[in-house]
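Working notes for the structure below.
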Amino acid sequence: MNEFKSTLGHIPFESVTRIMDGAKLILQQEDGIVQDAFLILTAPLRGFEKLVIGKDPLFTIKAVMRICGVCHVAHANATAEAIESAVGLFPPRNALLVRELLGLVNRIQTHILPMVSTDMIVEERRSRLVSLIKLYGKVSDYLLKLGGGVTHPPYLTIGGISKVPKWSVLNHLKAKLPKIEEKWEEIKGVLLDEDNLTEIADELRTKIVRNEFLASNLFFGDKYKVSFKGIRTIPYWEYREEPGELVNEATVMVAFYKGKVVEVGPRARLMLFTPFRGVSLFGLYTARILEIDLAFKRIKEILSEINTKAPFRRQNMIFGSGKGIGVYEAPRGTLFHYVKLDGEGKISRLKIISPTMFNIPVIENAVKGLTVEAAEVAVKLFDPCIPCTTHVENVQKN
Amino acid sequence: MIGLASDNLLGTVFGVYLARAKDEEIRRRKVASGGAVTALLTYALEKGIVDGVVAAKRTKGLEGQAVVAHNKKELLEAAGNKWSIVPFATRMKAKIEEENLKKVALVCLPCQAQFFAQMRDFPLLESDFGERIKYIVSLFCMGTFAFNAFLNYLRMKYNIKAEQIRDIHLKKDFLEIVYNGTKLDLPIEEVYSYLQTGCLVCTDYTGIWSDISAGFVESEPGWTVLMARNPKAEELIKSAEKEGYLELKEGSHVVGEILKKAREKLARAQQNMSYLL
Amino acid sequence: MEKLKVLHVDIGSCEGCNVSILRALPKIQEFVDLDMKYLAKKTCARDKYDMVIITGGVCMNEPHIIEKVKSLREKTSTIVAFGSCATFGGILRFCRGGQEPRPDHRNFQPINSVVKVDYSIPGCPPTPQMVQSFFKFFVAGDKKRLKLFKVYADIKKLSGFDLIDDIVLTGLCIGCGACELSCPTQAIEMIDRRPNLIAEKCIRCGTCYVRCPRASQMLSMGGRK
Ligand SMILES: Cc1cc2nc3c(=O)[nH]c(=O)nc-3n(C[C@H](O)[C@H](O)[C@H](O)COP(=O)(O)OP(=O)(O)OC[C@H]3O[C@@H](n4cnc5c(N)ncnc54)[C@H](O)[C@@H]3O)c2cc1C
Ligand code: SF4
Ligand code: SF4
Ligand code: SF4
Ligand code: SF4
């Protein structure tokens with residue numbers, strides 16, 4: 001590691017951010033400009049793909065939710081779809097609606113967290129972002145009432161939704177929505193007001209990054225639009241072999257789609273399915289805001305489509321051998337679950353491709369040429385989903 | 001092995017009173033002792049201090065079911081003792097949510113009081129409803145029956161059938177079984193083995209986790225002992241008196257009697273633990 | 001009054017627990033000065049803290065994590081294990097390694113397998129309100145209420161299976177239904193007044209056990225598991 005001199009100086013993150021222990025962002029800089037970047041995730045690997053082997057589908061869905069306490073619904077939805085298609089189960093329409101709704105609520109929650117990250121907002125206005133945490137609480141109620149829990153919602157299960165929501169509860173949630181949206185409109189004003197934005201925001205605006213995008217759907221996910229076979233994954237240390245001391249501790253795989261680096265996530269979805277054109281890195285920020293808007297609209301539609309008189313879960317489920325794929329548009333991008341069940345209906349294989357696996361190379365490329373300060377912010381805007389680092393190791397070229 | 005601390009058996013005690021309902025109608029009903037619990041809760045309901053009372057109503061036989069009472073009439077229907085644990089928890093949650101109650105009082109046994117108070121103090125789950133529980137009233141408790149077994153015993157030994165039993169009262173140290181217009185007194189000792197095993201290792205007589213504990217003592221028949229465990233509870237009892245719902249007298253002289261019972265229960269628990277576990 | 005100086009450290013949770021702590025922040029700010037990597041703090045590097053809260057379980061195959069946890073013990077007189085992964089192992093109890101790219105990450109243990117823990121707060125995840133209550137009682141020095149959490153701090157494993165073994169199969173269950181109500185995965189169903197564990201749904205969070213009045217009374221009476 002001769003050409004690197006590592007200084008463990010802390011570069012503070014002036015914010016609430018999900019980037020924390022368990023990963024290192026290493027920026028190699030010259031005169032304050034980033035030349036190269038390593039995003040090395042080192043969080044211990046709990047190995048969910050292995051721990052479900054031999055287990056029942058009902059356990060599997062409870063387990064995969066616990067991969068992530070931020071986007072639990074995404075894993076539940078993907079695994080449910082994969083297992084159901086493996087055994088030829090079709091959940092009733094209500095179940096699909098509730099799953100989509102819970103997913104969108106979860107998307108709003110997840111998008112809020114990096115927004116609370118105040119890097120984009122000038123110091124004097126940051127206090128106004130506390131209302132984002134309150135908004136988080138307000139939307140959480142939808143998960144609690146319809147999913148049975150704010151985190152790892154238990155009613156999400158194989159075959160549908162295990163508890164039928166009461167008509168009165170649904171009505172109550174419907175009635176509350178406009179107020180919550182109003183709050184969001186207010187906060188959105190603060191988030192987008194030019195006067196509130198920092199210089200870093202300006203720098204990100206000038207940085208155009210053109211990537212290949214991958215997304216399957218604007219809201220839920222559509223496995224027929226993407227190809228699971230087209231994905232290849234390799235360990236991080238095969239993707240970047242040098243310097244060994246640095247990359248060898250990585251605990252993550254990197255994914256490519258049809259041989260290419262692809263960006264997944266809010267911006268990819270909007271680019272592919274709406275007229276949105278946020279080509280600069282600032283577009284990552286606006287895309288998230290726009291997605292929250294769209295999520296609220298769709299939630300309203302779904303609430304009026306749920307029919308409490310119709311079933312929410314399939315009866316007489318029979319589990320046996322089969323394989324299936326589930327694709328869900330998680331908050332941070334396209335999520336794939338592939339399962340194989342054995343003759344007893346137990347899991348014999350699970351493969352998960354999570355959005356950050358696609359985005360790691362994208363992130364490393366995108367920050368080149370930015371100032372160190374802007375690079376950190378840019379990484380957070382991509383919102384890598386594996387716990388990441390707060391301290392940036394500031395590596396200078398000798 | 002489980003060792004038991006014998007200190008502080010009664011928990012925090014703020015004030016002890018002997019109380020009974022002023023309302024004749026309540027006293028005439030088959031209340032358990034002085035009807036104070038029913039009267040106190042009637043007060044809380046009628047003054048809007050709580051918007052619902054969760055209590056146990058007798059269903060078939062001697063068992064109970066959790067119900068929400070909104071007024072005196074419904075409370076009266078639930079007065080008196082049910083001799084089994086009424087599995088409250090899940091049903092109560094559904095009830096509270098359905099009716100969107102914001103401040104409930106609940107009557108339960110010490111073990112349940114412990115659960116609810118722990119839920120209120122330590123909301124581990126988002127789906128908890130502890131913040132909606134305003135008062136926890138715990139009845140003193142010497143145990144609940146494993147009902148099938150107890151009824152079967154009555155049938156085999158005394159030829160009393162379940163459907164003939166009208167009521168069971170706890171008196172001094174015997175149970176009075178009212179059936180077919182007659183009565184049978186059963187010494188507590190005789191029926192101990194029909195208590196739930198879990199009750200035999202239970203160490204809490206008064207309900208130390210409650211806001212208010214209620215029971216009776218032999219020396220003051222016709223009165224209910226009320227123990228207030230915090231200022232909030234004290235205030236409720238005092239104002240129920242002021243508003244004419246409760247007749248109240250100072251009760252610190254009966255603490256010794258309660259303590260004696262509590263010690264007995266603890267001793268029983270210790271003894272049973274030593275051979276059960 | 002001086003604020004309590006608290007450090008939060010995550011050693012590999014799913015972040016559900018962290019979000020709970022974060023969400024409690026507006027309510028505890030008043031009396032707690034929290035250093036958390038999420039927050040706008042220059043450093044998380046005091047020498048001493050009044051309390052360190054740890055989320056996630058210890059990966060026993062990563063010596064640096066074990067070292068880190070041990071070094072935290074030096075920094076404070078009070079370690080709080082927060083969430084089921086940190087207290088009893090939770091879902092981590094099922095980990096068995098073998099997954100690329102780090103098949104060597106095989107074994108995860110609760111914090112108290114590595115260092116002495118002072119308070120354990122189980123839950124998957126415990127709620128923000130729980131964080132709030134805990135600090136309230138801690139600051140007030142309410143020993144009676146904190147006692148249970150102290151008792152759990154010495155227990156390494158607690159789950160629905162233990163509840164069945166210790167309380168139900170021994171006949172001590174009184175049929176109150178508290179466990180059914182408290183299970184975050186609906187793994188417990190009351191059948192004829194006794195809980196039935198749906199084994200495949202249990203993720204070993206321990207919530208049912210700590211909520212069972214029979215179990216918690218015995219534990220808080222000084223019983224040991
Ligand atoms: C199983 C059991 C054992 C008891 N053991 C003792 C004892 O050993 N020593 C003692 O001093 N007192 C004991 N009591 C309490 C005592 O019998 C009276 O309930 C108490 O004195 C209150 O009297 P009251 O007239 O004021 O109650 P009331 O005005 O009649 O009100 C009683 C209230 O309790 C509710 N209730 C009754 N049974 C249950 C139940 N199983 N679960 C939940 N709520 C219920 C009723 O719905 C009613 O609201 C016991 C009670 C029960 C149910
Ligand atoms: S003796 Fe204890 S466990 Fe049994 S019902 Fe009474 S309080 Fe509950
Ligand atoms: S206890 Fe539950 S919420 Fe907390 S880290 Fe573990 S799995 Fe996540
Ligand atoms: S039964 Fe439920 S509450 Fe108990 S340990 Fe298992 S998952 Fe947790
Ligand atoms: S909480 Fe304990 S006592 Fe109550 S039903 Fe469950 S196991 Fe039985």
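Each chain gets a letter, A, B and so on, in the order the sequences are listed, and its residues count up from 1.
Taking a 6.0 Å sphere around NZ of A:Lys145, one finds it holds more than 12 heavy atoms contributed by other residues, nucleotides or ligands. At most 12 non-hydrogen atoms from other residues, nucleotides or ligands lie less than 6.0 angstrom from CD of A:Glu344. By the neighbour-count criterion of 12 heavy atoms within 6.0 Å, atom NZ of A:Lys346 is densely surrounded, having more than that number from other residues, nucleotides or ligands. Residue-environment remark: NZ (C:Lys3) exceeds the threshold of 12 foreign heavy atoms within 6.0 Å. Crowding of A:Lys163 atom NZ: a count of heavy atoms from other residues, nucleotides or ligands under 6.0 Å not exceeding 12.
For the pair C:Cys14/A:Arg46, a side-chain contact is recorded, criterion being any heavy-atom separation below 4.5 Å from C-beta on. Contact check for C:Val19 versus A:Gln109: no side-chain heavy atoms found under the 4.5 Å cut-off. Residues C:Pro184 and A:His152 are not in side-chain contact: their nearest non-hydrogen atoms beyond the backbone lie 4.5 Å or more apart. By the 4.5 Å heavy-atom criterion applied to side chains, C:Pro103 and A:Lys50 are not counted as neighbours. Between A:Leu113 and C:Leu22, some side-chain heavy-atom pair lies under the 4.5 Å cut-off. Residues C:Glu200 and A:Lys55 form no side-chain contact, since every pair of their non-hydrogen atoms from C-beta on lies 4.5 Å or further apart. With contacts defined as side-chain heavy-atom distances shorter than 4.5 Å, the pair A:Arg66/C:Thr185 qualifies.
Here CD of C:Glu15 is found 8.5 Å from SG of A:Cys71. Values are rounded to the nearest 0.5 Å. Separation of atoms CD1 (A:Ile53) and CD (C:Gln99) is listed at 9.0 Å; rounding is to 0.5 Å. How far CZ of C:Arg102 is from CG of A:Asn248: 8.5 Å, rounded to the nearest 0.5 Å.
Ranked by non-hydrogen atom pairs under 4.5 Å with chain A, the options C:Gly16, C:Cys202, C:Cys17 are led by C:Gly16.
Residues of residues 80-92 of chain C lying within less than 4.5 angstrom of chain A, judged on heavy atoms, are C:Ile91, C:Leu92 in numerical order.
A:Val150 touches chain C through its side chain: at least one heavy atom from C-beta onward sits under 4.5 Å away, while N, CA, C and O do not. Of the atoms belonging to A:Tyr236, not a single heavy atom falls under 4.5 Å from chain C. For chain C, no part of A:Thr60 is nearby; none of its heavy atoms comes within less than 4.5 Å. Heavy atoms of C:Ile198 lying under 4.5 Å from chain A are absent altogether.
Considering every non-hydrogen atom in both C:His105 and A:Leu45, the closest pair reads ND1-N, 2.8 Å. Closest approach of C:Cys59 to A:Pro44, counting heavy atoms only: CB-CB, 3.6 Å. Nearest approach of C:Pro125 to A:Thr151, heavy atoms of both residues: CD-CB, 3.5 Å.
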**OP:** Any chance you could lay out the ring pair (Phe, Tyr, Trp, His ring centres under 6.0 Å) test for A:Phe59 and C:Phe94, step after step, and finish with the verdict?
**Re:** CA-CA 11 Å; A:Phe59 172 79; C:Phe94 295 90; 4.6 Å; yes
